[in-house]
Amino acid sequence: MKQRMIVCDNPQLSRLLLILLAVLAFSSCWHPPFDPDISASVITTQKLGNPVWEVRTRLPSNARGGYYVPSRTNYEQGLWIGYNNSRLSLSHFFYDFNSSKALLDSYMEIPLPSDVGRKIIPSIGAPSIFFMTFSVFDKWLIYKTIENYFVHSSAYPGFLGTGFQYGTPTDILYIAEMVDSKIQIHYIEVSGDPSSDFNYFTDFTNGYSYLPSELPTTVTLAVPTSSGELYLSGTKSDGSAVTWFWSDYGEVPQKLPIDKPLTGILSDGRLVADMGDRLYVYSPDGYSSFSIPTGALHFSYERYDNDQPRWLSVFTRTIEIPVPHSGDADYIISIFEIPTSRLSELAQ
């Protein structure tokens with residue numbers, strides 16, 4: 001009988017298959033189950049090309065089910081994030097290429113009834129600083145991974161929701177609040193290594209006077225633009241998505257034709273809704289442009305490339321491979337980059 005040799009022309013897929021086969025060879029009683037998220041991510045990673053950074057490492061049991069968000073300045077360290085049983089787990093991740101090992105320290109768990117509206121923003125210049133908030137919070141937090149502690153921003157009585165915009169050399173975090181029947185936007189300007197507290201600015205002192213017929217029950221994104229426009233997006237009481245747009249402070253808001261709750265705004269003004277298994281991209285006026293299958297691939301953030309002045313979109317994939325008879329697991333962590341202007345090449 002002739003044997004057939006299966007050849008894979010894609011180097012990423014070949015590497016992944018070889019790793020899985022190697023794990024299988026060491027255990028006759030375990031085999032990697034089919035994972036639709038990993039399968040979906042392969043479609044997009046084939047278009048992204050080779051990862052710009054990739055490691056395989058073993059991590060302890062408290063890493064199970066988590067994923068990696070790298071810092072914006074050093075992919076070798078960042079934040080390991082897990083969410084399970086209404087608890088958020090956070091750890092400082094550091095990979096040492098000399099020993100080919102990763103370390104997890106500063107492990108923390110906090111109760112969190114829901115991770116809806118999750119925003120986790122790495123600092124623009126400090127690899128151990130992350131900013132984060134969730135829809136159930138009424139504030140932004142600074143999380144310092146090495147020192148393992150939080151700094152809270154002020155809470156606002158009329159809190160509606162939060163938003164953010166990446167910038168260079170500073171990022172801006174937003175807080176939307178209802179004040180005297182007007183929507184008022186506060187912003188926090190943050191740079192590389194913020195002080196022990198936030199610096200607050202109230203950008204739009206007059207506020208947006210005209211309110212929509214129905215505000216979202218849960219706001220997933222509140223972002224103004226430099227020209228005075230405002231996007232307010234979220235879900236209504238029946239679970240459906242709604243996005244309102246103000247073209248100016250004194251204008252009546254328009255309902256945009258967006259059927260997903262927005263989660264971010266890109267450097268070029270396009271809008272995104274990250275639904276976990278797929279990333280949806282809309283034009284600034286709210287019309288659907290394209291979507292990207294992601295699965296196990298996370299859209300992490302944008303960063304500015306000073307060498308070739310342009311914005312890059314950063315995707316991270318974390319593949320977990322259980323170790324037989326152990327609570328530990330092996331992880332393949334891959335980071336991919338693509339110019340934001342070319343995101344449509346990943347559409348399917």
Side-chain angles (χ1 to χ4, degrees), residues 69 72 116-124 130-135 140 160-176 183-190 201 203-204 208 212 216 218-235 241-249 251 253-276 278-292 294 298-305 310-315 338-344 346-347:
V69 176
R72 282 157 72 187
V116 173
R118 173 178 52 201
K119 302 179 187 72
I120 298 175
I121 315 299
S123 169
I124 197 170
F130 286 76
F131 307 100
M132 65 178 63
T133 188
F134 300 82
S135 292
W140 279 94
L160 287 176
T162 59
F164 67 93
Q165 279 190 304
Y166 293 118
T168 178
T170 60
D171 298 326
I172 301 178
L173 312 179
Y174 297 105
I175 295 177
I183 296 177
Q184 186 164 296
I185 304 294
H186 306 269
Y187 76 89
I188 307 166
E189 193 173 60
V190 292
F201 304 86
D203 194 12
F204 308 120
Y208 295 84
T218 301
V219 174
T220 56
L221 189 71
V223 172
T225 69
S226 58
S227 57
E229 300 164 330
L230 173 67
Y231 294 97
L232 188 73
S233 184
T235 55
V242 63
T243 297
W244 295 99
F245 171 73
W246 287 256
S247 59
D248 194 47
Y249 311 119
E251 295 296 323
Q254 310 166 42
K255 186 177 181 181
L256 297 184
I258 296 176
D259 60 353
K260 306 286 188 303
L262 295 178
T263 56
I265 183 170
L266 297 174
S267 55
D268 58 13
R270 287 181 293 177
L271 309 166
V272 295
D274 190 346
M275 304 306 291
R278 189 171 284 268
L279 185 73
Y280 295 85
V281 180
Y282 302 88
S283 64
D285 54 2
Y287 289 94
S288 178
S289 296
F290 56 89
S291 67
I292 302 169
T294 49
H298 289 270
F299 175 68
S300 295
Y301 49 75
E302 283 185 281
R303 73 171 185 87
Y304 192 72
D305 182 7
R310 59 183 180 173
W311 283 94
L312 298 174
S313 290
V314 179
F315 292 83
I338 186 172
T340 297
S341 61
R342 292 173 43 202
L343 270 176
S344 60
L346 307 179

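Just so it is clear, the structure is predicted and the values come from calculations on it, not from any experiment. Computed from heavy atoms alone, side chains included, the values below leave out hydrogens, waters and symmetry copies.
Contact of the W246 side chain with the E229 side chain is not registered, since no non-hydrogen atoms from C-beta on lie closer than 4.5 Å. Between K119 and F131, every side-chain heavy-atom pair lies at or beyond the 4.5 Å cut-off. Using a 4.5 Å cut-off on side-chain heavy atoms (C-beta onward), S288 and Y280 make no contact. Taking 4.5 Å as the limit, every side-chain heavy atom of M132 sits out of range of all side-chain heavy atoms of V69. Counting only heavy atoms from C-beta outward, the side chains of I175 and W140 approach each other to under 4.5 Å. Counting heavy atoms from C-beta on, the side chains of V272 and T263 come closer than 4.5 Å. The side-chain heavy atoms of L343 and L266, taken from C-beta on, include a pair separated by under 4.5 Å.
In this structure F130 satisfies the ring pair (Phe, Tyr, Trp, His ring centres under 6.0 Å) test with no other residue, sequence neighbours excluded.
When atom types are taken as modelled, the side chain of R72 and the backbone of R303 share no donor-acceptor pair closer than 3.5 angstrom. Side-chain N or O atoms of S233 include none that pairs as donor or acceptor with a backbone N or O of T220 at under 3.5 Å. For T294 (side chain) and R278 (main-chain N/O), a donor-acceptor pair under 3.5 Å exists by modelled atom type.
For the atom pair Y287 OH and L271 CG, the distance stands at 13.0 Å (nearest 0.5 Å). Of the inter-residue distances, the one linking W244 atom CH2 with K255 atom NZ reads 6.0 Å to the nearest 0.5 angstrom. Rounded to the nearest 0.5 angstrom, I185 CD1 and L230 CG are separated by 5.0 Å. Separating the OG1 atom in T133 from the CZ atom in F164 is a distance of 11.0 Å, to the nearest 0.5 Å. From I258, atom CD1 reaches atom CG of D285 across 9.0 Å, with rounding to the nearest 0.5 Å. Distance CD1/I121 to CD/E302: 10.5 Å, rounded to 0.5 Å.
The nearest pair of heavy atoms linking T340 to L312 is OG1-C, 3.7 Å. Listed here is the closest heavy atom pair of Y166 and S300: OH-O, 3.9 Å. Taking all atoms of both residues into account, the shortest heavy-atom contact from A222 to L232 is CB-CD1, 3.7 Å. Closest non-hydrogen pair, A241 versus P261, comes out as CB-N, 3.5 Å. Residues I265 and L221 come closest through the heavy atom pair N-CD2, 4.4 Å. The heavy-atom pair separating P284 from Y231 by the smallest distance is O-OH, 2.6 Å.
Annotation: salt bridge (Lys or Arg N to Asp or Glu O under 4.0 Å) contacts involving residues 257-275, sequence neighbours excluded, comprise D268-R270.
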Handout entry: Step-by-step side chain to side chain contact (heavy atoms under 4.5 Å, CB included) determination, F315 to L346
Key = CA-CA 12 Å; F315 292 83; L346 307 179; 4.1 Å; yes
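Ring geometry for W311 against Y304 counts as perpendicular: the plane angle is over 60°, on a 0 to 90° scale with 30° as the lower cut.
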